[in-house]
Amino acid sequence: MRKDVRILLVGEPKVGKTSLIMSLVSEEFPDVVPYRAEEITIPADVTPERVPTHIVDYSEAEQTDEQLFQEISKANVICIVYSVNNKKSIEKVTSHWIPLITENTDKDSRVPLILVGNKSDLVEHSSMETVLPIMNQFSEIETCVECSAKNLKNISELFYYAQKAVLHPTGPLYCPEKKD
Ligand code: GTP
Ligand code: MG
């Protein structure tokens with residue numbers, strides 16, 4: 001059995017990666033956050049799947065590309081965060097983040113990805129229409145979730161999905177090529 005789960009958050013600057021982590025930990029929205037949250041470990045007994053879970057933040061402002069590549073290769077699951085009110089941050093999911101992750105992970109070890117649309121408090125419309133084609137194109141994407149660090153919507157769900165993607169991967173079910 002797996003002994004722990006390592007979750008990495010990546011995405012464009014200012015989409016709210018650090019705020020998501022801090023909201024999960026403190027159960028309230030932090031008005032001011034550092035660029036990068038300290039790595040946190042959630043003990044097994046308070047995680048839904050009873051496995052110690054490490055949550056790792058990334059910030060371009062504080063880390064080199066080399067450090068990012070290292071973290072990508074160590075991660076068991078990667079959350080690619082975009083902001084639902086920022087089209088550019090969604091475009092970068094496919095133009096930048098997925099290729100970068102593919103280049104830095106072992107071809108044989110499938111690292112599940114989760115698409116995270118943050119700041120849902122700022123829009124009326126869901127970004128799912130934009131994101132569904134991306135999900136269909138990349139079988140590595142386990143699921144997508146819209147959330148808000150600000151009103152704490154779907155925050156614990158997001159980290160639960162990430163944990164579940166590692167412990168109970170369902171990838172092939174979503175892989176269009178493998179549908180009969
Ligand atoms: P970098 O570390 O620079 O890569 O940015 P980041 O992705 O960690 O974003 P950060 O958590 O620093 O948040 C950027 C800004 O967005 C801050 O002003 C946050 O208060 C704001 N923010 C984060 N999450 C939300 C949210 O869910 N809703 C709203 N309205 N604002 C948010
Ligand atoms: Mg940050």
Side-chain angles (χ1 to χ4, degrees), residues 5-42 53-105 111-132 134-135 140-163 165:
V5 171
R6 193 170 176 86
I7 303 173
L8 173 66
L9 278 75
V10 299
E12 293 304 290
K14 303 292 158 231
V15 293
K17 302 175 293 295
T18 307
S19 300
L20 285 169
I21 296 172
M22 307 285 256
S23 285
L24 175 80
V25 175
S26 61
E27 292 177 335
E28 60 185 7
F29 180 63
D31 285 322
V32 181
V33 292
Y35 280 117
R36 185 169 184 247
E38 292 282 327
E39 179 177 327
I40 61 159
T41 299
I42 303 177
T53 299
H54 311 279
I55 302 178
V56 181
D57 195 6
Y58 163 70
S59 183
E60 189 185 273
E62 289 199 349
Q63 288 174 286
T64 63
D65 286 349
E66 199 47 53
Q67 287 171 317
L68 170 62
F69 302 158
Q70 281 247 340
E71 287 298 348
I72 288 174
S73 65
K74 276 160 62 183
N76 301 124
V77 52
I78 300 176
C79 298
I80 307 178
V81 185
Y82 63 90
S83 172
V84 293
N85 69 345
N86 178 343
K87 255 186 113 181
K88 185 89 189 287
S89 73
I90 305 183
E91 285 162 19
K92 288 278 191 150
V93 170
T94 47
S95 68
H96 179 72
W97 290 105
I98 294 178
L100 187 85
I101 290 166
T102 308
E103 280 163 28
N104 287 283
T105 47
V111 178
L113 306 178
I114 296 188
L115 291 187
V116 179
N118 187 37
K119 308 196 188 184
S120 65
D121 58 288
L122 294 180
V123 296
E124 305 268 287
H125 252 62
S126 156
S127 63
M128 285 306 162
E129 252 171 57
T130 319
V131 157
L132 271 176
I134 305 178
M135 289 203 54
E140 310 89 291
I141 302 175
E142 188 77 20
T143 191
C144 57
V145 56
E146 288 191 335
C147 61
S148 166
K150 186 157 192 174
N151 62 21
L152 303 182
K153 191 175 156 223
N154 277 346
I155 303 298
S156 51
E157 285 83 353
L158 152 62
F159 291 98
Y160 173 57
Y161 296 153
Q163 206 179 50

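Computed from a predicted model, the values in this text were never measured in an experiment. In listed order, ligands and their atoms are each counted from 1.
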Does S59 bring an N, O or S atom to within less than 2.8 Å of the Mg ion (ligand 2)?
no
Within the 4.0 Å heavy-atom shell around V15, which atoms of ligand 1 are there?
7 (O), 9 (O)
Does atom NZ of K87 have more than 12 heavy-atom neighbours, drawn from other residues, nucleotides or ligands, at distances under 6.0 Å?
no
Tell me whether E60 reaches ligand 1 (any heavy atom closer than 4.0 angstrom to a ligand atom).
no
Under 4.0 Å from ligand 1, counting heavy atoms only, is it the side chain of V33, its backbone, both or neither?
side chain
Closest candidate by heavy atom, reference atom 32 (C) of ligand 1, pool K150, M22, K119
K119
Flag: protein heavy atom within less than 4.0 Å of atom 10 (P) of ligand 1:
yes
Checking a contact table here: which protein heavy atom is nearest atom 3 (O) of ligand 1, and how many Å away?
K14 NZ, 3.1 Å
Per side chain to side chain contact (heavy atoms under 4.5 Å, CB included), L115 is matched among V131, V81, I90, V145 by V131
Side chains of Q163 and T53 only: does a donor on one sit below 3.5 Å from an acceptor on the other?
yes
Within 2.8 Å of the Mg ion (ligand 2), is there any N, O or S atom belonging to T18?
yes
Considering only the protein, which heavy-atom contact is closest to atom 8 (O) of ligand 1, and what is its distance?
T18 OG1, 2.8 Å
Checking the side chain of K17 only, and the main-chain atoms of I80 only, is there a donor and an acceptor separated by less than 3.5 Å?
no
Closest to atom 2 (O) of ligand 1 among protein heavy atoms sits Y35 O, 2.9 Å
Measure the distance from atom 20 (O) of ligand 1 to every protein heavy atom, then report the residue, atom name and distance (to 0.1 Å) of the closest one.
F29 CZ, 3.3 Å
Distance filter under 4.0 Å to L122 heavy atoms, resulting ligand 1 atoms:
30 (N)
Please work out whether any backbone atom (N, CA, C, O) or any side-chain heavy atom from C-beta onward of N118 is under 4.0 Å from ligand 1, and answer side chain, backbone, both or neither.
side chain
Kindly confirm or rule out an N or O of S59 lying under 3.5 angstrom from an N or O of ligand 1.
yes
Which heavy atom of the protein is the closest neighbour of atom 28 (N) of ligand 1, given with residue, atom name and distance?
D121 OD1, 2.7 Å
Within the side chain of S120, is there an N or O that forms a donor-acceptor pair under 3.5 Å with the backbone of E146?
no
Protein contact of atom 4 (O) of ligand 1 - nearest heavy atom, named by residue and atom, plus distance:
K17 NZ, 2.8 Å
For the atom pair OG (S89) and CH2 (W97), what is the distance rounded to the nearest 0.5 Å?
11.5 Å
For Q67, is there any backbone N or O sitting under 3.5 Å from a side-chain donor or acceptor partner on E71?
no
Does ligand 1 come near enough to D57 that some N or O of the ligand is less than 3.5 Å from an N or O of the residue?
no
min-distance protein heavy atom vs atom 27 (O) of ligand 1 -> A149 N, 2.9 Å
Closer than 4.0 Å to some heavy atom of S19 - which atoms of ligand 1 meet that?
10 (P), 11 (O), 13 (O), 19 (C), 23 (C), 24 (N)
Can you find a side-chain donor-acceptor pair between S83 and N118 that sits under 3.5 Å?
no
Closer than 3.5 angstrom, by distance alone: can the side chain of S127 be matched with the main-chain N or O of T130 as a donor-acceptor pair?
no
Within the distance-only criterion (no hydrogens, no angle test), does the side chain of R36 pair as donor or acceptor with the backbone N or O of D57 below 3.5 angstrom?
yes
Look at the side chain of T143 and the backbone N and O of I114, then say whether any donor-acceptor pair between them is shorter than 3.5 Å.
no
Please check if the side chain of D121 supplies one atom and the backbone of S148 the other of a donor-acceptor pair under 3.5 Å.
no
